[in-house]
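Okay, structure first, notes after.
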Amino acid sequence: MPEKLQLVAKNCYIYRAGDSPVAIHVYLSQKLRADFTEAEALEQLYNASLLPGVVGPVIGMPDIHTGYGLPIGGVMAADYERGVVSAGAVGMDINCGVRLLTTRIPAAEIERAILTKLLAAIARRVPAGVGRVSQVKELRRASLEAVAAGGARYFIQEGFGRGEDRERIEDGGCLSGADVAAVSKEARERADQLATIGGGNHFVEIGKVAAVLEEGLAARFGLHKDHLYILIHTGSRGLGHQICTDYSNLMWANGEQNGTPAPVKGLACAPIASRDGQNYLKGMALAANYAFANRQLITHFIREAFVEVLKKPEEDLGLDLLYDVAHNIAKKEKHGAKWLLVHRKGATRALPAGHGDNPGCYLATGHPAIIPGSMGTASYVVVGTGEINKTFCSVNHGAGRVMSRKKARQEFSREDLLNQLGGVVVAARDIKFLKDEAPLAYKDIDAVVATLAEAGLTRPVVRLQPLGVLKGEGEEA
DNA sequence: ATGTTC
């Protein structure tokens, strides 16, 4: 495997395997390259390069690790006219993503005890953990048709947000074409989880802006040194999971008759123009809108919790939405002269300054791309540069795992985890359920973010440092 | 990621 990675530009390798019809690029710093052992993830990029209508390069981001079908940290673009869509190449958690709120609260004013109170006030409103459903009956029963039609906008209009939030969400918080009729009854029955976080790597985090790296951009984004921020990481919960499972099975079963057999089930696919392909995209859009709505509702409850605990009016606290980005999704986009369906699985869109798909407020700068680290480690806000077209305007989505969940649960004790957290306050049922989320189960976020910056693709704007985090429990050792 | 091995 190692000898098949050939350095062609700063931090950019070509993976030479088999008779791949299109190029495969993997972005790794020298250090990440030296530590990289995951041949299986590269094999998955190769398999993706074989799918009909794929337009090169297929890309591995610096946070790449083995996934189901396409690796996490994978980008695969398909020609919109003659290419395929793959449910597995979007991922199980459709529109898993992150949103960042800025505040006017100096971190120095928030003692540990207040931080704990804030996390508890959020936890009372926003359930965390696998299988948890909405706390509020009306949200458990919210109209899926309304979510399909409006996404986050529907709930903003219902009072769960501010008008200005609308344009500070990728695609305005609403993909067109979402259709409830395109998903199974089983999927619809799982749509009772709005305003919940879930488990795994999902979280709500409170931290402070630790370092300003691009002063002008940080000021325009309202990110000021030593002020608090809030980061929300979650997705479409059981609904998206069920839609992915259903369509992955359907695409696998119909691969031959659709003329698009896949090399492995995880890359089961259908022509974009086919009935299966179109129906998946309608279901994917529904889950995407559900996830945008989920993060919007969580934002509302966080604002409420801050006002309650800090006993100040919301406008004094800020709690402004900076941006909300998806990192498991497929998008119809024009790159060069071609319309493509860009699958980003564990990859974040980062449109450069001047790109017409930026919201108006970020047209001059490029929108902020938000890159969370692991629990207890830094996160970053970056923007794409003029070179970002090399990755179909994509950047990494996080740090990326280096250790499986299972291995991390065996490897680390409760005390190991506490040590690795270095004083970050954790609100969770018991941290023994979070060993699989230990910081050392992930790559070094600083090295991962530096990789694309050194390659000239991104400009890091701020480095964020966590102070406290709300997590849903996973499994005990 | 996930009503955590239908």
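All chains are named by letter (A, B, ...) in the order of the sequence lines, taking the proteins before the strands, and each is independently numbered beginning at 1.
- To the nearest angstrom, P of dT4(B) lies 18 Å from CG of Leu434(A).
- A salt bridge is absent between Arg99(A) and Asp165(A); no separation between the charged side-chain nitrogens and carboxylate oxygens falls under 4.0 Å.
- Atom C1' of nucleotide dT2(B) and atom CZ of Arg405(A) are separated by 11 Å, given to the nearest angstrom.
- Distances shown here put every side-chain N or O of Asn328(A) at or beyond 4.0 Å from the OP1 or OP2 atom of dA1(B).
- When the C1' atom of dT4(B) is taken as reference, atom NZ of Lys471(A) falls 15 Å away, rounded to whole Å.
- In this structure Lys390(A) satisfies the salt bridge (Lys or Arg N to Asp or Glu O under 4.0 Å) test together with Glu387(A), sequence neighbours excluded.
- Rounded to whole angstrom, the span from the CD atom of Gln242(A) across to the C1' atom of dA1(B) amounts to 13 Å.
- Under the side chain to side chain donor-acceptor pair (under 3.5 Å) criterion, His397(A) pairs with Asp63(A), not counting sequence neighbours.
- For the pair Arg237(A) and dA1(B), the criterion of a side-chain N or O lying under 4.0 Å from OP1 or OP2 is not met.
- One interatomic measurement links the two molecules: CZ of Phe433(A) to C1' of dA1(B), which rounds to 19 Å at whole-angstrom precision.
- Taking atom NE2 on His202(A) and atom C1' on dA1(B), their separation rounds to 6 Å, with Å as the unit.
- Summarising the geometry, the separation between CZ on Arg132(A) and C1' on dA1(B) is reported as 18 Å, rounded to the nearest angstrom.
- Among the atoms of the strands shown, only primed sugar atoms or phosphate atoms (P, OP1, OP2) are found under 4.0 Å from some heavy atom of Gly238(A).
- A 6.0 Å sphere centred on CZ of Arg166(A) holds no more than 12 heavy atoms belonging to other residues, nucleotides or ligands.
- At the heavy-atom level, Gln193(A) lies under 4.0 Å from the strands shown only through sugar-phosphate atoms.
- In this entry the distance linking CG of Asp246(A) with P of dC6(B) reads 15 Å, nearest Å.
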